[in-house]
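Written out below as structure tokens is the structure these notes cover.
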Amino acid sequence: MTSAIGDRAERPAHPERDRIAAALSARQLECLTWAQEGKSATDIGQILGISGRTVEGHLAKACSVLGVRTRVQAVVRARRLGLLPESLSERLS
């Protein structure tokens, strides 16, 4: 199994993915990763040591960048673009 970082390096150029990846912050991607695991904003905030309201802001900005309206749509879109691992266990391996 290759790492998510290694997978990204091997992919051919994809202008939309590259534009979106550049526009998303590391914290927004981190919040999306936890959201895909079913964590609430409060849970994510406790994990990351920030407020749930700050998490909501990161997720809202990620939704905007991804061109979607909900966090579920954001996770699906980010996964389809290859910006998120399929599961947290992949990210940690």
Side-chain angles (χ1 to χ4, degrees):
M1 175 182 282
T2 58
S3 72
I5 294 171
D7 290 345
R8 284 188 210 150
E10 296 168 10
R11 290 189 185 120
H14 186 285
E16 182 184 22
R17 180 187 62 226
D18 296 343
R19 177 187 60 78
I20 290 171
L24 288 170
S25 72
R27 189 61 105 179
Q28 290 162 359
L29 286 169
E30 198 170 22
C31 289
L32 285 169
T33 299
W34 284 109
Q36 84 172 337
E37 296 296 320
K39 300 295 184 188
S40 68
T42 301
D43 292 340
I44 296 168
Q46 289 176 345
I47 292 165
L48 300 179
I50 58 179
S51 74
R53 188 152 186 132
T54 299
V55 170
E56 290 171 4
H58 288 308
L59 290 172
K61 177 64 176 169
C63 285
S64 177
V65 169
L66 290 160
V68 299
R69 292 182 1 173
T70 70
R71 73 171 62 190
V72 172
Q73 292 171 333
V75 167
V76 170
R77 181 109 198 272
R79 283 188 57 188
R80 286 185 179 158
L81 290 170
L83 301 175
L84 295 177
E86 287 189 30
S87 68
L88 187 59
S89 60
E90 280 187 25
R91 183 174 182 217
L92 299 175
S93 62

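Ser25 is linked by a side-chain contact (heavy atoms from CB on, under 4.5 Å) to Arg27, Gln28, counting only residues two or more places apart in sequence or in another chain. Among residues two or more places apart in sequence or in another chain, the side-chain hydrogen bond (donor to acceptor under 3.5 Å, both in side chains) test is passed with Ser51 by Thr54. Scored by the side-chain hydrogen bond (donor to acceptor under 3.5 Å, both in side chains) test, Thr42 finds no partners at all (sequence neighbours excluded).
Two residues are said to be in side-chain contact when any heavy atoms from C-beta on lie closer than 4.5 Å; His58 and Ile44 fail this criterion.
Heavy-atom minimum distance, Thr70 versus Cys63: O-SG, 3.4 Å. Across all their heavy atoms, Leu32 and Val75 have their closest contact at O-CG2, 3.7 Å. Closest heavy-atom contact between Ala35 and Arg71: CB-CD, 4.5 Å. The heavy-atom pair separating Ala74 from Leu66 by the smallest distance is O-CD1, 3.5 Å.
When atom types are taken as modelled, the side chain of Gln36 and the backbone of Pro85 share a donor-acceptor pair closer than 3.5 angstrom.
Linking ILVMFWY side-chain heavy atoms closer than 4.5 Å, directly or via other members, places Val72 and Ile20 in two distinct hydrophobic clusters. Under a hydrophobic clustering in which Ile, Leu, Val, Met, Phe, Trp and Tyr are joined whenever their side-chain heavy atoms come within less than 4.5 Å, directly or via other members, Val76 and Leu29 fall into different clusters.
Remark: Gln46 CD to Lys39 NZ distance equals 10.0 Å, nearest 0.5 Å. Here Glu30 contributes atom CD and Ile50 contributes atom CD1; the two are 7.5 Å apart, rounded to the nearest 0.5 Å. Separating the CG atom in Leu84 from the CG atom in Leu24 is a distance of 8.5 Å, to the nearest 0.5 Å.
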(message) Checking Trp34 against Val55 for the side-chain contact (heavy atoms from CB on, under 4.5 Å) test, could you report, in this order, the C-alpha distance in whole Å, the side-chain angles of both residues, the deciding distance, and whether it holds?
(response) CA-CA 10 Å; Trp34 284 109; Val55 170; over 6 Å; no
